[in-house]
**Q** 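Take this structure, written in structure tokens, and hold onto it; I'll ask about it next.
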Amino acid sequence: MATDGELPPEPHQVFDTILVLDFGSQYSHLITRRLRELNVYSEMLPCTQRIADLSWKPKGIILSGGPYSVYQNDAPHVDSAVFQLGVPVLGICYGLQEIAWYYEQTNVLAGEKREYGHSKVNVARHAGLAEHIDKLFDQIEDNMTAWMSHGDKLSHLPEHFVTVAYTSNAPFAGIAHARERLYGIQFHPEVTHTPEGKVLLKNFAVSICQAKTDWTMGRFVDKEIARIKALVGEKGQVIGAVSGGVDSTVAATLMQQAIGDRFHAVLVDTGLLRLNEAETVKKTMSRDLNINLAVVDAADLFLSRLKGVTDDPEKKRKIIGNTFIEVFQEKAKKIAAEAAGSPQAGEIEWLLQGTLYPDVIESISFKGPSATIKTHHNVGGLPATMNLRLIEPLRELFKDEVRVLGKELGVPEEHVWRHPFPGPGLAIRILGEVTPEQLRIAREADHIFITEIQAAGLYKKISQAYAALLPVKAVGVMGDKRVHSQVIALRAVETTDFMTADSFEFKHTFLKRVSNRIVNEVDGVCRVSYDITSKPPGTIEME
Ligand code: GLN
């Protein structure tokens, strides 16, 4: 195993990196995403990051927007070393105001009215001045649509700055320092409401900062496999839970390609999986992806512990989470004992986790971690009692990058594009007590819904879809007989980040077809409804 002195390099040491310093805007992470879409590697850190504590040097720095006003007593400010580092700096919204404030602490004022929404930006060019000034708005035409969201504004330019963009309402929509590569824009280039925003970010990262555009999943794979090998060493063994979801499948595939059978995947069949799920995962993992997989059938244990739990969703989640840890640990111990006995391998010292970059951002976010709304779906929190070191090969990646990585690694299409499925499984889609009979109903109804969605070619357009079983009974007439049976609620949402979501607008004929099939084919159901609640106030799952 590598000792700490010779740790393999991290992406920000390998790739040219643009550092985003986050002042707490809801769009901050989008700056990082847009840059990566341009194949420029980017990471985000809180605005309070001290530059002297960084072990690497960024190619450029972007200061994000934020909800504060720079002139407030408790407003956050960046380490002034940012301006002495000798790399280009771009301030967005609050970031622009922060730059102005750094130079002259009197020129940011509360405007009379908040400017929120689309506006038209014109470009001011300065042919006679330093060359860098015009570069930010290179190839951007006058009358560019831009998204604004601010209440404060500059009263006048700080000394040595020139205006590079303006709107009818904001005379300083874009500013640049006459000598340094230092820029501010009042609008948000990172949101899709600013269609040319990507051109601007590219101008900054590629033309001004001269960052290489070498962030591709192909290069990431090579680097990451080398990094895993170096971390784990020649004999090291890694264990990890897999669920059939995109993240754990891709993480497991990466491990398999790095260390082969020294990665041990464990699938716990909780009995709460969808129709044929355990079988499908087994087939894909062992046969198609060659992963060293052990399946533990623990359905009876989970069901016995869930018996009689009728009205408290948090209790359900806790029972499932704890039982999962117990079953996983027991299996891990067995695998570890076997591994230790084999001559060519060492002990299991590592635990694989499919942590993604949004989880990392969430945990370092300037606002602090947002309040827990629900116990987390994922099977996180495993290692506490296990005494294993964590290995998180996806921790630098966004979800869409994980999908591209999956394709790169040869994970089958249908697995790469799977909708997320929560750790507690169907248990949180069965409102009320989870029994074998309720599971059968939920499973059959869900299968019909998803099959119809696939047949209609809608699966990729929808972010997540499922059938839930409501804990009520309704009256119906079936075969001339009055029945009193259960109600299915269908849910399908569209979202880009799962933070907010809208219900998917199906054609009525589609919903009728699904409803007919469920009522006719699933014993015990006499009604089907469609949940049109958005998130917020709803959540994507029901419990
Ligand atoms: N709070 C500042 C303003 O209202 C900055 C807003 C922002 O960064 N979106 O002007």
Side-chain angles (χ1 to χ4, degrees), residues 18-35 42 44-49 61-79 82-83 89-121 136 144-158 161 163-176 182-198 200-201 204 361 364-368 370 497 499-500:
I18 303 292
L19 171 62
V20 177
L21 290 175
D22 171 34
F23 283 95
S25 150
Q26 53 178 325
Y27 308 129
S28 301
H29 68 285
L30 291 179
I31 307 171
T32 301
R33 278 183 69 157
R34 293 287 103 81
L35 289 167
S42 168
M44 187 172 124
L45 288 172
C47 58
T48 47
Q49 174 66 42
I61 295 177
I62 296 182
L63 311 178
S64 84
Y68 312 87
S69 291
V70 284
Y71 47 78
Q72 286 165 339
N73 282 338
D74 54 353
H77 295 290
V78 274
D79 179 357
V82 161
F83 301 106
V89 178
L90 169 66
I92 295 175
C93 202
Y94 184 95
L96 166 140
Q97 297 161 8
E98 173 71 359
I99 291 173
W101 185 254
Y102 169 74
Y103 279 92
E104 188 184 320
Q105 306 204 338
T106 53
N107 57 357
V108 181
L109 307 171
E112 283 98 66
K113 63 176 179 51
R114 230 187 132 67
E115 190 177 18
Y116 184 83
H118 293 101
S119 60
K120 293 288 180 188
V121 172
L136 191 62
M144 170 182 90
T145 303
W147 180 258
M148 295 272 196
S149 169
H150 67 116
D152 300 331
K153 57 180 190 187
L154 297 200
S155 58
H156 56 269
L157 282 176
F161 276 81
T163 302
V164 291
Y166 57 94
T167 71
S168 55
N169 189 46
F172 311 117
I175 62 172
L182 187 55
Y183 309 82
I185 46 179
Q186 189 57 71
F187 57 90
H188 288 275
E190 70 276 27
V191 299
T192 48
H193 306 297
T194 305
E196 298 294 300
K198 237 172 140 167
L200 189 142
L201 289 172
F204 178 71
I361 290 181
I364 59 164
S365 142
F366 180 62
K367 285 158 286 189
S370 50
D497 56 7
M499 304 297 284
T500 60

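The figures that follow rest on heavy atoms only: side chains count, while hydrogens, waters and symmetry mates do not. Atoms within each ligand, like the ligands themselves, are counted from 1 in listed order. Quick caveat, the model's predicted, so the values are computed rather than measured.
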**Q** Name the closest protein heavy atom to atom 4 (O) of ligand 1, giving the residue it belongs to and the distance to 0.1 Å.
**A**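 Closest protein heavy atom to atom 4 (O) of ligand 1: G151 N, 2.8 Å.
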**Q** How close do S69 and A75 get, heavy atom to heavy atom, and via which atoms?
**A**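 Reported closest heavy-atom pair: O-CB, 3.1 Å.
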**Q** Report yes or no: does a heavy atom of S25 sit under 4.0 Å from some atom of ligand 1?
**A**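 S25: no contact with ligand 1 (<4.0 Å).
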**Q** Between D152 and ligand 1, is there a nitrogen or oxygen pair with a distance under 3.5 Å?
**A**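 Among all N and O atoms of D152, at least one is under 3.5 Å from an N or O of ligand 1.
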**Q** Parallel, tilted or perpendicular, judged at 30° and 60°: which one describes the rings of F204 and Y183?
**A**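 Judged by the thresholds at 30° and 60°, the geometry between F204 and Y183 is perpendicular.
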**Q** With only distance considered, is Q97 within less than 3.5 Å of ligand 1 through an N or O on each side?
**A**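 Checking ligand 1 against Q97, an N or O pair does fall under 3.5 Å apart.
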**Q** Mind checking what makes ring-ring contact (aromatic ring centres under 6.0 Å, His included) contact with Y166, not counting sequence neighbours?
**A**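 Partners of Y166 by the ring-ring contact (aromatic ring centres under 6.0 Å, His included) criterion come out as none, since no residue qualifies.
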**Q** Among all protein non-hydrogen atoms, which one is nearest to atom 7 (C) of ligand 1, and what is the separation to 0.1 Å?
**A**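 Protein heavy atom at minimum distance: C93 SG, 2.9 Å.
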**Q** Just go through Y68, W147, Y94 and tell me whose heavy atom is the nearest to atom 2 (C) of ligand 1.
**A**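 Checking each option, the heavy atom nearest atom 2 (C) of ligand 1 is found in Y68.
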**Q** Tell me every residue that passes ring-ring contact (aromatic ring centres under 6.0 Å, His included) with Y94, counting only those two or more places apart in sequence or in another chain.
**A**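 ring-ring contact (aromatic ring centres under 6.0 Å, His included) check on Y94 returns F23.
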**Q** For G65, counting its heavy atoms only, list the atoms of ligand 1 lying under 4.0 Å from any of them.
**A**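 So the atoms of ligand 1 that pass are 8 (O).
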**Q** Looking at the rings of Y103 and F161, which for Trp means the six-membered one, are their centres under 6.0 Å apart?
**A**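 Ring centroids of Y103 and F161 are less than 6.0 Å from each other.
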**Q** Using a 4.0 Å cutoff against the non-hydrogen atoms of H188, which atoms of ligand 1 qualify?
**A**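 Listed by number with element: 9 (N).
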**Q** Starting from atom 5 (C) of ligand 1, which protein heavy atom do you reach first, and at what distance in Å?
**A**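 Among all protein heavy atoms, the one nearest atom 5 (C) of ligand 1 is G66 O, 3.3 Å.
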**Q** Applying the side chain to side chain contact (heavy atoms under 4.5 Å, CB included) criterion to I175, which one of L136, L182, L157 satisfies it?
**A**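 Option passing the side chain to side chain contact (heavy atoms under 4.5 Å, CB included) with I175: L157.
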